[in-house]
Amino acid sequence: GAVVSQHPSWVICKSGTSVKIECRSLDFQATTMFWYRQFPKQSLMLMATSNEGSKATYEQGVEKDKFLINHASLTLSTLTVTSAHPEDSSFYICSARRGTGPNTEAFFGQGTRLTVV
Amino acid sequence: GQSLEQPSEVTAVEGAIVQINCTYQTSGFYGLSWYQQHDGGAPTFLSYNALDGLEETGRFSSFLSRSDSYGYLLLQELQMKDSASYFCAVRDPSNDYKLSFGAGTTVTVRA
């Protein structure tokens with residue numbers, strides 16, 4: 001299967017600071033990358049979809065100015081949590097999709113555990 | 001929109017069989033997927049059903065009935081390492097085939 005690498009795997013930051021999370025597709029070109037947030041014992045909630053070279057599409061209720069997404073190349077997307085607060089503490093997971101259409105599988109990164117203190 | 005329902009928890013002993021049901025209500029449908037997620041880890045793909053019937057992959061099998069908007073994941077010969085959360089997910093053709101996940105079923109395997 002395809003490999004998606006997410007970095008860092010965990011991060012602790014002070015309230016008010018910004019944190020950048022990277023998502024890389026290591027052995028394929030990802031036309032689309034997805035960012036999810038998962039609170040403990042809950043499901044994965046899609047935050048945004050990013051396509052290389054274009055602006056990200058955010059799901060309803062997700063603040064685009066707070067969660068900045070950049071998809072500068074076909075192998076790298078970044079999520080920056082700006083001015084982080086304790087309520088932003090969560091597990092953030094990216095996934096990358098190769099191609100488009102119904103039969104394209106999405107592969108997940110390892111996830112990033114963010115703790116804001 | 002998408003709505004998927006699955007049980008929140010299941011407990012079973014080693015060697016047993018567990019069936020996790022998933023019912024869905026979707027504005028569009030293109031296949032039912034199942035993912036496994038261990039605590040603190042990322043989801044890993046288990047299976048995908050686009051057509052009705054049973055798909056078998058080793059100890060795990062997945063079933064789909066599109067007319068009933070229903071599917072299930074069958075875990076056989078349970079092992080301790082199968083303790084994890086299991087999510088069903090559907091692809092929405094009206095939304096670029098993005099995945100929508102159910103709330104997840106926590107499976108606990110006891111000795």
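So you know, we letter chains A, B, ... as the sequences are listed, proteins then strands, and number each from 1. What you see below is based on every heavy atom in this structure, not just the backbone, and it leaves out hydrogens, waters and symmetry mates.
Neither the backbone nor the side chain of A:Ser9 comes within less than 4.5 Å of any heavy atom in chain B. Only the side chain of A:Gln38 comes within contact range of chain B, with at least one heavy atom under 4.5 Å from a heavy atom of that chain. The parts of B:Phe101 that come within reach of chain A are both its backbone and its side chain, each placing non-hydrogen atoms under 4.5 angstrom from that chain. Both the backbone and the side chain of A:Leu44 come within less than 4.5 Å of a heavy atom of chain B.
The candidate from B:Gly40, B:Ala89, B:Gly104, B:Gly31 with the greatest count of non-hydrogen atom pairs under 4.5 Å with chain A is B:Gly40.
Other residues, nucleotides and ligands place no more than 12 heavy atoms under 6.0 Å from the CZ atom of B:Arg110. The number of heavy-atom neighbours closer than 6.0 Å to CG of B:Asp39, taken from other residues, nucleotides and ligands shown, is 12 or below. Environment of NE2 in B:His38: crowded, with over 12 heavy atoms of neighbouring residues, nucleotides or ligands closer than 6.0 Å.
The hydrophobic cluster containing A:Trp35 also contains A:Val62, counting ILVMFWY residues as joined when their side-chain heavy atoms lie under 4.5 angstrom apart, directly or transitively. Residues B:Leu74 and B:Val109 are members of separate hydrophobic clusters, defined by side-chain heavy-atom contacts under 4.5 angstrom among Ile, Leu, Val, Met, Phe, Trp and Tyr. Following chains of ILVMFWY side-chain contacts shorter than 4.5 Å, one can reach A:Met47 starting from A:Val116, so the two form part of one hydrophobic cluster. Criterion: ILVMFWY side-chain heavy atoms under 4.5 Å apart, direct or through other members. Under it, A:Phe34 and A:Ile93 are part of a common hydrophobic cluster. A chain of hydrophobic side-chain contacts below 4.5 Å, direct or via other Ile, Leu, Val, Met, Phe, Trp or Tyr residues, connects A:Val11 to A:Phe67.
A pairwise comparison of heavy atoms in B:Ala42 and A:Phe108 identifies CB-CB, 4.4 Å as the closest pair. Closest of all the heavy-atom pairs between B:Ala103 and A:Ser43 is CA-CB, 3.7 Å.
We find the OH-CG distance between A:Tyr36 and B:Leu99 to be 5.0 Å, quoted to the nearest 0.5 Å. Remark: A:Lys41 NZ to B:Glu9 CD distance equals 8.0 Å, nearest 0.5 Å. One finds the NZ atom of B:Lys98 at 3.0 Å from the OG1 atom of A:Thr49 (value rounded to the nearest 0.5 Å).
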**OP:** Let me see the working for A:Phe91 and B:Gln37 under side-chain contact (heavy atoms from CB on, under 4.5 Å), right down to the final yes or no.
**Re:** CA-CA 13 Å; A:Phe91 192 51; B:Gln37 185 182 31; 3.9 Å; yes
